[in-house]
Participant: 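Structure below; questions to follow.
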Amino acid sequence: MGKKVLVIGSGGREHAIVKALGRSPRVDKIYCAPGNAGIADDAECVDIKVEDVEALVNFAQRQHLDMVVVGPEAALAAGVADAMRSAGIKVFGPSKSATRIESSKEFAKKIMEKYGVPTASYRSFENFDEALAYVKSRPLPAVIKYDGLAAGKGVVIAATYPEAEEALKEMLLDESFGKGKVVIEDFLKGPEFSFMCMVNAGKVYPLEMAQDHKRAFDGDKGPNTGGMGAYSPVPFITPEVREKALNDIMQKTADAMVEEGVPFTGVLYGGLILTDEGPKVIEFNARFGDPETEVVLPRLESDFYSFVEAVVDGKDYIPEWSEDAVLGIVLASKGYPGKYEKGAIIKGLDKIGGEIYHMGTSKDGHDFRIAGGRVLMVTARGADLVEANMNARREIALIDCPSLFHRTDIGKAVLN
């Protein structure tokens with residue numbers, strides 16, 4: 001009897017998880033809650049919100065599911081993994097307390113400080129005047145982070161004091177992301193990279209690395225977004241740097257969580273930076289990255305369901321990876337991450353040969369329409385990143401929708 005799986009979430013990351021599970025000969029049926037118009041081609045979408053814990057557990061029980069894979073941080077912070085475990089349902093995702101590694105920047109910083117995980121030095125503030133005085137006493141740029149969840153938008157790298165003041169005002173006085181603290185960090189220099197590991201308590205199973213592009217426009221200009229493109233592998237990460245990141249950061253943090261009484265099961269995402277002193281942590285997330293998942297999982301040659309099952313059961317598993325490079329470019333609504341219009345028809349998707357991951361689309365008859373800020377991610381493979389980039393750009397040229405924009409320089413730093 002084939003396995004029945006529920007994926008929780010509605011974005012490109014969840015579409016990539018659904019497609020990876022769909023490649024498993026062991027999986028018979030995939031549900032996605034709530035899913036989206038593109039995911040509906042690969043799974044049965046169920047109209048349940050990601051934070052409706054009770055409805056999700058009831059659904060899992062009714063369907064006698066073999067596994068639940070949690071995508072977004074909001075579902076984890078709502079305690080969906082805890083509720084599934086209490087109901088005796090296998091779930092891939094950390095507990096609400098372990099999710100604090102992402103949902104509280106201060107919690108993550110305290111763990112790193114206590115256990116000697118390399119990261120930038122920091123201070124936390126609740127008071128606007130004190131925070132501003134601290135920033136003004138320090139060299140620029142200042143890294144200002146909202147302490148809680150902010151859908152990838154709660155980080156400002158302020159190059160001027162007025163910019164820093166505006167960010168602090170937005171986070172502490174206007175409470176744009178809710179009432180909370182800010183963490184102010186020293187600015188670290190170097191190229192960034194994403195290192196996701198599947199974890200069960202002290203067992204750490206590394207995935208292939210990726211690099212995300214957060215800024216909206218070419219040349220890393222414009223506001224921070226949820227991610228405008230990614231690629232894998234990352235050529236500037238040597239085997240030595242990878243080993244150091246694995247042992248001194250990912251393994252050490254997983255062990256620290258066990259020591260602190262909040263063992264982690266799920267994906268520990270290290271947003272890392274390669275400084276002159278070696279790799280350091282910029283941030284941790286408690287789930288698969290988006291858009292990194294869309295370029296990492298296609299490189300997995302092993303059975304994804306078996307991998308997830310082994311991690312949940314705490315068994316050893318060594319995944320096999322393709323040597324191919326995968327590069328993905330996000331198409332976003334004009335105006336994103338600010339105000340944008342929905343509803344425009346997207347033509348030409350039927351001509352695409354590579355993988356398309358839907359992030360924010362709706363369907364009207366046969367037509368896909370814009371329904372979100374980040375709308376689609378088009379990915380392509382190649383023998384190397386140059387070829388993957390060429391293939392991805394060729395695919396994007398087939399899409400006809402004047403309301404979409406994309407970056408043209410994803411991976412440019414390493415393509416040369």
Side-chain angles (χ1 to χ4, degrees), residues 7-20 30-52 70-75 149-154 177 212-217 222-230 285 287-295 297 328-350 352 354-379 392 395-396 398-407 410:
V7 177
I8 297 173
S10 62
R13 161 185 50 221
E14 288 75 30
H15 200 175
I17 293 168
V18 163
K19 281 182 181 283
I30 305 170
Y31 298 98
C32 190
N36 64 37
I39 291 175
D41 289 339
D42 299 295
E44 183 178 327
C45 291
V46 186
D47 189 16
I48 306 174
K49 291 185 170 64
V50 302
E51 289 151 303
D52 192 343
V70 189
E73 60 274 30
L149 296 175
K153 299 182 185 75
F177 305 114
D212 176 21
H213 295 59
K214 283 280 181 221
R215 299 281 188 159
F217 309 123
N224 259 340
T225 71
M228 294 298 292
N285 291 333
R287 35 76 194 180
F288 280 111
D290 190 354
E292 295 95 332
T293 306
E294 293 92 311
V295 296
L297 287 187
I329 300 169
V330 170
L331 288 93
S333 304
K334 283 183 178 170
Y336 173 80
K339 286 183 180 169
Y340 55 86
E341 289 188 7
K342 298 180 182 179
I345 291 177
I346 309 159
K347 295 176 183 170
L349 295 184
D350 52 338
I352 304 288
E355 286 284 17
I356 305 173
Y357 298 102
H358 287 248
M359 296 173 146
T361 58
S362 60
K363 204 166 188 183
D364 178 9
H366 294 295
D367 294 324
F368 282 105
R369 292 180 182 268
I370 291 176
R374 289 189 303 162
V375 181
L376 298 162
M377 183 164 174
V378 175
T379 65
E395 299 279 32
I396 279 182
L398 302 171
I399 296 174
D400 177 14
C401 181
S403 300
L404 294 174
F405 80 97
H406 65 276
R407 282 185 58 167
I410 301 301

Participant: Answer whether the closest heavy-atom distance between the side chains of Val50 and Pro34 falls below 4.5 Å.
Facilitator: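 In contact.
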Participant: Going from CD on Glu14 to CG on Asp290, what distance comes out if it is rounded to the nearest 0.5 angstrom?
Facilitator: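 Answer rounded to 0.5 Å: 6.5 Å.
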Participant: Taking only residues two or more places apart in sequence or in another chain, which ones pass side chain to side chain donor-acceptor pair (under 3.5 Å) with Glu51?
Facilitator: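 With neighbours one apart ignored, the set is empty.
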Participant: Tell me if a side-chain donor or acceptor on Asp364 pairs with a main-chain N or O of Arg369 at a distance below 3.5 Å.
Facilitator: no
Participant: Tell me the closest heavy-atom pair linking Gly9 and Pro72, and the distance in Å.
Facilitator: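 Where Gly9 meets Pro72 most closely, the heavy atoms are CA-CD, 3.8 Å.
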Participant: Is the shortest side-chain heavy-atom distance between Met377 and Ile356 below 4.5 Å?
Facilitator: no
Participant: Just checking Lys49: does its NZ atom have more than 12 heavy atoms from other residues, nucleotides or ligands closer to it than 6.0 angstrom?
Facilitator: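 Result for NZ/Lys49: open.
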Participant: Nearest 0.5 Å, please: how far is CZ in Arg287 from CD1 in Ile8?
Facilitator: 14.5 Å
Participant: OG1 of Thr361 to CG of Asp367: how many Å apart, nearest 0.5 Å?
Facilitator: 12.0 Å
Participant: What's the separation between atom CE in Met228 and atom CG in Leu331, rounded to the nearest 0.5 Å?
Facilitator: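 Nearest 0.5 Å value for the CE-CG distance: 8.0 Å.
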Participant: Please report the interatomic distance CG(Asn36) to OH(Tyr357), rounded to the nearest 0.5 Å.
Facilitator: 13.0 Å
Participant: For the pair Ser333 (side chain) and Leu404 (backbone), establish whether a donor and an acceptor sit closer than 3.5 Å, ignoring hydrogens and angles.
Facilitator: no
Participant: Any side-chain heavy-atom pair from Glu294 and Glu355 closer than 4.5 angstrom?
Facilitator: no
Participant: OG/Ser362 to CD1/Ile346 distance, rounded to the nearest 0.5 angstrom?
Facilitator: 8.0 Å
Participant: What's the shortest heavy-atom distance between Val330 and His406, and which atoms?
Facilitator: O-CB, 3.3 Å
Participant: For residues Cys45 and Ile39, determine if any side-chain heavy atom of one lies less than 4.5 Å from a side-chain heavy atom of the other.
Facilitator: yes
Participant: Taking all non-hydrogen atoms of both residues into account, name the closest pair between Gly229 and Ile410 and its distance.
Facilitator: CA-CD1, 3.8 Å
Participant: Is there a donor-acceptor pair closer than 3.5 Å between any side-chain N or O of Glu395 and the backbone N or O of Ala392?
Facilitator: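 Absent.
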Participant: Will you find, in the side chains of His15 and Asp42, an N or O donor that is under 3.5 Å from an N or O acceptor?
Facilitator: yes
Participant: Ignoring hydrogens and angles, tell me if any N or O in the side chain of Arg13 forms a donor-acceptor pair with the backbone of Gly289 under 3.5 Å.
Facilitator: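 Looks like no, no N/O pair under 3.5 Å.
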Participant: If I compare all heavy atoms of Glu341 with all of Ile370, which pair ends up nearest, and what's the gap?
Facilitator: O-CG2, 3.8 Å
Participant: If you apply the rule side chain to side chain contact (heavy atoms under 4.5 Å, CB included), what do you find for Glu44 with Ile30, and how did you get there?
Facilitator: CA-CA 6 Å; Glu44 183 178 327; Ile30 305 170; over 6 Å; no
Participant: Do side-chain atoms of Asp212 reach the backbone of Glu292 as a donor and acceptor pair under 3.5 angstrom?
Facilitator: no
Participant: Locate the shortest heavy-atom distance separating Met359 from Arg374; write the atom from each residue and the value.
Facilitator: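 Scanning both residues completely, I find the closest heavy atoms to be CB-O, 3.2 Å.
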Participant: Does any part of the side chain of Lys363, heavy atoms only, come nearer than 4.5 Å to the side chain of Asp41, both counted from C-beta?
Facilitator: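 Yes, side chains in contact.
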Participant: Is there a donor-acceptor pair under 3.5 Å between the side chain of Thr379 and the backbone N or O of Val295?
Facilitator: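 Answer holds: no.
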Participant: For residues 328-338, which residue pairs qualify under salt bridge (Lys or Arg N to Asp or Glu O under 4.0 Å), counting only residues two or more places apart or in two chains?
Facilitator: none
Participant: Do you know the tightest heavy-atom contact between Ala16 and Leu297?
Facilitator: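 Result for this residue pair: O-CD1, 4.0 Å.
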Participant: How far apart are the C-alpha atoms of Asp350 and His366, what are their side-chain angles, what is the distance that settles it, and do they pass the side chain to side chain contact (heavy atoms under 4.5 Å, CB included) test?
Facilitator: CA-CA 11 Å; Asp350 52 338; His366 294 295; over 6 Å; no
Participant: Anything under 30° is parallel, anything over 60° is perpendicular, the rest tilted; go ahead and classify Phe405 against Phe217.
Facilitator: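 The rings of Phe405 and Phe217 sit tilted, inter-plane angle from 30° to 60°.
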